[in-house]
Number of protein chains: 2
Amino acid sequence: MPKPLTFGQFLRESRESKVATDRGFSLRKVAERVGIEPSYLSKIERDEQPPPGEAVIRQLAVELSEDPDVLLALAGKVSSDLLATIRSRPRLFADLIRQLKSMPDHAVLRLVREVRDGSW
Amino acid sequence: MPKPLTFGQFLRESRESKVATDRGFSLRKVAERVGIEPSYLSKIERDEQPPPGEAVIRQLAVELSEDPDVLLALAGKVSSDLLATIRSRPRLFADLIRQLKSMPDHAVLRLVREVRDGSW
DNA sequence: GCATGTGTGTAGTAGTTACTACACACTCAC
DNA sequence: GTGAGTGTGTAGTAACTACTACACACATGC
């Protein structure tokens, strides 16, 4: 399995893989599209600064075509819409998540599919 | 249904219902057991200050025999162990939670029970 | 050889979080 | 009438979050 990257390492690798074939993915260009200072992005990619806020992470996900939830997780965060859902029925979701914590992926996936395919 | 209380109102009502029969539940006594300043708890109960951190909320839950997840939710937070679980498999849990967001309680509860009762 | 673009270094900051410390005013028991 | 206990008011703060602004050094194209 691939060794787990830090948030910054992940960003840098994602961006550098794209800049190889598209000059629009220089650190400065990406920073501009995302709406942050280049020096800030530079420090983030080198893990010299802690990851940015959720809004900036989401913009980065869009620009780099990465999964926002994965990026947020690497940043030590959880999407605010998920938090709101949990908070709306805390006992229910707390129980469910704790039950599923030790379940293998395929079991959880089966649940997701069953719910989605409307046997409910 | 009972109108939704704020974090502070909930705390105050919980504590006052107990102080009626047990003098050990004065604001000062509870604050001392929890390990915070009485004036701080006073402001929290009147929603003059934002809710405290997770550790203090957990202590309050213990002292007042309330559900920590409910208290955390009222405080606008989610238990850090749940966050860690979600972050460990972000795509999986993000999908699941978004699927379940609009499901009625009883459907989610059925899931919880099925998982717990080991049809997995 | 100069403009343009690249990443990075240094310095600073406004806002939020999570509290402490101490003084004050009131009530009630005895 | 004073001592113990009650809640509250005022003031302050250390640490963290989430950034900006600007200057610097290097490379590369033309």
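Chain letters run A, B, ... following the sequence lines, proteins first and then strands; every chain starts at 1.
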> If you round to the nearest 0.5 Å, how far is OG of A:Ser26 from NZ of A:Lys18?
Replying inline: 14.0 Å

>> Please say yes or no: joined through hydrophobic side-chain contacts below 4.5 Å, possibly via intermediate residues, are A:Leu111 and A:Leu82 part of one cluster?
In response: yes

> Which atom pair, heavy atoms only, marks the closest approach of A:Pro52 to A:Phe7?
Replying inline: CD-CE2, 3.6 Å

> Got a sec? Which of residues 65-77 of chain B come in under 4.0 Å of DNA chain D, heavy atoms?
Replying inline: none

>> Just the rounded figure in Å: distance from C1' of C:dT6 to CD of A:Glu16.
In response: 12 Å

> Which parts of residues 29-37 of chain B get close to DNA chain C, meaning a heavy atom less than 4.0 angstrom away?
Replying inline: B:Gly35, B:Ile36, B:Glu37

>> For A:Gln9 and A:Asp47: C-alpha separation, side-chain torsions, deciding distance, then whether side-chain contact (heavy atoms from CB on, under 4.5 Å) applies.
In response: CA-CA 7 Å; A:Gln9 287 165 350; A:Asp47 296 303; 3.9 Å; yes

> Is there a chain of hydrophobic side chains (I, L, V, M, F, W, Y, each step under 4.5 Å between heavy atoms) that links A:Val34 to A:Leu74?
Replying inline: yes

> Who pairs with A:Lys77 by salt bridge (Lys or Arg N to Asp or Glu O under 4.0 Å), at least two apart in sequence or on another chain?
Replying inline: none

>> Assess whether a salt bridge exists between B:Glu54 and B:Arg58, defined as any Lys/Arg side-chain N lying under 4.0 Å from an Asp/Glu carboxylate O.
In response: yes

>> Among A:Leu64, A:Asp69, A:Val70, which residue satisfies the side-chain contact (heavy atoms from CB on, under 4.5 Å) criterion with A:Glu66?
In response: A:Leu64

>> Measure CD1/A:Ile44 against P/D:dA18 and give the value in whole Å, please.
In response: 10 Å

>> Distance check needed: D:dG7 C1' versus B:Phe25 CZ, whole Å only.
In response: 18 Å

> Under 4.5 Å between side-chain heavy atoms, hopping through other hydrophobics if needed: is there a path connecting B:Val62 to B:Leu71?
Replying inline: no

> Which residues pass the salt bridge (Lys or Arg N to Asp or Glu O under 4.0 Å) test with B:Asp105, sequence neighbours left out?
Replying inline: A:Arg89

>> From CG of A:Leu60 over to P of D:dC19, roughly how many Å is that when rounded to an integer?
In response: 10 Å

Using a cut-off of under 3.5 Å, enumerate the N/O to N/O pairs linking the protein to nucleotides 27-30 of chain C.
none

> Per the side-chain hydrogen bond (donor to acceptor under 3.5 Å, both in side chains) rule, which among A:Arg15, A:Arg33, A:Lys29 passes with A:Glu63?
Replying inline: A:Arg33

Restricting both atoms to N or O, compile the protein contacts to nucleotides 8-14 of chain C shorter than 3.5 Å, with distance only.
from	atom 1	to	atom 2	distance (Å)
C:dT8	OP1	A:Arg12	NH1	3.3
C:dT8	OP2	A:Arg12	NH2	2.8
C:dT8	OP2	A:Ser42	OG	2.7
C:dT8	O5'	A:Ser42	OG	3.4
C:dG9	OP2	A:Arg46	NH1	2.8
C:dG9	OP2	A:Arg46	NH2	3.4
C:dG9	O6	A:Ser39	OG	3.2
C:dT10	O4	A:Lys43	NZ	2.9

